[in-house]
Peer 1: 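Sharing a structure, written as structure tokens. Questions coming.
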Amino acid sequence: MKYIELKNKQLQLYKREKSKFWQIKIKLPFRKSIRISSRTSIFNEANEIALKKYEIFSLDIANNSINNKEYFLKKIHLINSKDLNKKDIECLLKESEKYIAFNKQNIKKTKILEGRTIFNLFFEDSTRTRTSFEVAAKRLGADLINVALKDSSINKGETLLDTITTINSMNPDVLIVRHPEQGISEKISKIVKSCVINAGDGSNEHPTQALLDALTIKKKFKSFENLQIAICGDVIHSRVARSNIEILTKLGSKINVIAPKKLTPKDIKNLNVNVYTDMKEGLKNCDIVMMLRIQKERIVGKILPNEKEYFEKYGLDYKKLNYAKKNAFVMHPGPMNRGIEIDSKLADDVTRSLIQEQVSMGVAIRMACLEILIHNKDLYGN
Ligand code: CP
């Protein structure tokens with residue numbers, strides 16, 4: 001084995017006989033050792049990476065701003081729920097628990113992410129996601145910049161990728177991206193050095209929404225096994241439905257999708273769900289009824305459902321909720337169209353509706369996501 005000690009033995013580089021890459025071990029005083037791969041077989045490159053990591057860790061520890069935990073989730077980006085396995089999801093839910101309590105304190109501020117720079121890049125409207133990422137980042141001590149894209153140089157003809165490259169040159173730690181184009185966050189993650197979080201890409205995915213929904217359900221039911229969850233409404237255009245189906249089935253729940261035929265995706269059967277067009281049948285034995293917004297902005301060139309008829313057949317009111325289990329809970333990711341997807345009184349009924357709880361859990365889960373992804377970037381990123 002080749003073995004080199006640096007920085008008063010606090011930094012070691014070693015390469016085993018059969019191993020391809022140089023390994024790095026950092027052992028700072030009073031801290032557990034951190035072992036990471038340099039992911040290179042060239043000593044000079046490994047040496048440079050090791051010194052950079054050592055500098056980041058000794059500085060962070062001097063500032064008391066980072067923990068030396070190793071999380072089960074090793075990812076640097078959060079793009080698609082389908083890329084998370086059950087243990088990754090459980091790791092995010094577990095780490096967010098401490099923030100649920102933290103967010104109830106009078107003083108809601110830590111220094112965990114002090115000195116970190118986070119950009120909110122929202123190319124589509126948002127209230128909940130944008131503000132909850134902002135609250136999450138600020139409570140962790142990071143600097144968050146809301147880029148006003150309506151006033152940005154995109155209006156002068158600059159391409160999206162040029163805008164992203166410009167922001168990347170300012171050395172951000174995280175880019176949070178919402179955009180109408182499917183797959184755009186993944187493309188961005190390949191050209192920037194920072195972590196990327198998909199805050200909704202077209203009708204594709206919205207992973208932090210599904211994680212906050214899972215956290216809300218976990219708080220109420222403790223376990224996901226044996227839960228029957230209905231997801232109802234405009235499923236075909238819903239990134240929330242897609243991400244929730246991925247996450248909740250991996251956690252062990254059974255999903256009933258209920259939608260008019262025109263709003264049911266053709267490939268839905270591949271997703272391991274039961275499919276219904278009738279609320280009475282689909283809600284039978286459900287513990288949770290998750291309603292979806294009609295995505296008017298994505299029903300371009302097609303005929304929008306008649307709102308009154310839609311509410312009669314698919315809008316959730318007390319009468320339809322009675323088809324589900326006694327005491328079943330209601331969820332909605334928001335923004336809601338009251339009187340179209342959901343009866344206004346039911347939406348506000350705190351004995352049945354978890355809608356405000358979902359918003360609250362959104363801050364906790366996003367704090368955990370920011371903490372873990374930035375920590376992983378320090379450990380495993382370039
Ligand atoms: N649920 C959700 O994504 O809401 P916003 O569009 O307000 O962010």
Side-chain angles (χ1 to χ4, degrees), residues 78-81 84 92 96 118-139 144-150 174-185 196-217 219 229-248 263 288-300 316 329-338 340-342 344 347-348 353-370:
L78 181 55
I79 309 286
N80 288 312
S81 313
L84 300 173
L92 285 161
S96 61
I118 300 173
F119 281 82
N120 256 344
L121 296 159
F122 279 64
F123 296 84
E124 261 190 0
D125 297 342
S126 168
T127 302
R128 278 145 286 269
T129 314
R130 187 172 56 76
T131 51
S132 81
F133 267 117
E134 183 165 358
V135 170
K138 288 183 172 168
R139 286 186 181 170
L144 183 128
I145 293 97
N146 275 306
V147 181
L149 289 158
K150 282 188 181 133
V174 187
L175 302 181
I176 299 160
V177 183
R178 170 169 289 189
H179 196 280
E181 187 183 322
Q182 173 170 343
I184 198 75
S185 296
V196 176
I197 298 179
N198 176 8
D201 60 335
S203 302
N204 184 40
E205 280 242 28
H206 189 355
T208 58
Q209 176 68 46
L211 288 164
L212 76 88
D213 291 337
L215 187 59
T216 308
I217 294 169
K219 269 200 72 196
I229 301 171
I231 301 183
C232 318
D234 183 4
V235 180
I236 196 165
H237 300 108
S238 177
R239 53 198 179 204
V240 173
R242 226 165 263 278
S243 293
N244 261 302
I245 290 169
E246 281 291 338
I247 290 204
L248 296 172
L263 298 180
I288 293 162
V289 187
M290 190 182 286
M291 300 307 296
L292 301 170
R293 181 174 68 88
I294 294 200
Q295 310 259 307
K296 291 179 189 168
E297 69 277 26
R298 297 189 214 289
I299 312 185
V300 181
L316 189 69
F329 288 105
V330 178
M331 297 174 75
H332 192 305
M336 285 181 278
N337 292 307
R338 289 172 184 262
I340 301 174
E341 301 118 28
I342 190 160
S344 196
D348 296 333
S353 163
L354 301 178
I355 295 169
Q356 295 314 316
E357 187 73 2
Q358 287 172 264
V359 178
S360 182
M361 293 304 107
V363 178
I365 201 81
R366 286 171 178 130
M367 288 172 88
C369 291
L370 292 173

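All values below were derived from every heavy atom in this structure, side-chain atoms included, with hydrogens, water molecules and symmetry-related copies excluded. Each ligand, and each atom within it, is numbered from 1 in the order the structure gives. A quick note: this is a predicted structure, and the numbers were derived from the prediction, not measured.
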Peer 1: Does ligand 1 have any atom sitting under 4.0 Å from a heavy atom of G334?
Peer 2: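 Contact present.
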
Peer 1: Side chains of R178 and H206: is there a donor and an acceptor less than 3.5 Å apart?
Peer 2: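 R178 vs H206: donor-acceptor pair found between side chains.
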
Peer 1: What atoms of ligand 1 come within less than 4.0 Å of a heavy atom belonging to T129?
Peer 2: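 Answer, ordered by atom number: 2 (C), 3 (O), 4 (O), 5 (P), 8 (O).
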
Peer 1: For atom 4 (O) of ligand 1, find the nearest protein heavy atom and state the residue, atom name and distance (0.1 Å precision).
Peer 2: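 Heavy-atom neighbour on the protein nearest atom 4 (O) of ligand 1: R128 NE, 3.2 Å.
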
Peer 1: In ligand 1, which numbered atoms sit nearer than 4.0 Å to a non-hydrogen atom of T127?
Peer 2: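 In order of number, 5 (P), 7 (O), 8 (O).
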
Peer 1: Using 0.5 Å steps for rounding, measure from the CD1 atom of I294 to the CD1 atom of I340.
Peer 2: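 Result: 6.5 Å between the selected atoms.
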
Peer 1: Would you sort out whether D201 and R242 count as a salt bridge (charged side-chain N to carboxylate O under 4.0 Å, His left out), showing the intermediate values?
Peer 2: CA-CA 11 Å; D201 60 335; R242 226 165 263 278; over 6 Å; no

Peer 1: Do you know which of D213, L211, T216, L354 makes side chain to side chain contact (heavy atoms under 4.5 Å, CB included) with M361?
Peer 2: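 The passing option is T216.
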
Peer 1: Is any N or O atom of Q209, backbone or side chain, closer than 3.5 Å to an N or O atom of ligand 1?
Peer 2: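 The answer is yes, given that Q209 and ligand 1 share an N or O pair closer than 3.5 Å.
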
Peer 1: Kindly compute the distance separating OG1 (T129) from CG (N120), expressed to the nearest 0.5 Å.
Peer 2: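 These two atoms lie 9.5 Å from each other.
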
Peer 1: Quick check for you: to the nearest 0.5 Å, what is the distance between D234 atom CG and M291 atom CE?
Peer 2: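 Between atom CG of D234 and atom CE of M291 there are 11.0 Å.
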
Peer 1: Are any of the N/O atoms on P333, whether in the backbone or the side chain, positioned under 3.5 angstrom from an N/O atom of ligand 1?
Peer 2: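 Right, the criterion is met.
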
Peer 1: Looking at ligand 1, is there an atom of it that comes within less than 4.0 Å of some heavy atom belonging to R178?
Peer 2: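 Yes; R178 lies near enough to ligand 1 that a heavy-atom distance drops under 4.0 Å.
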
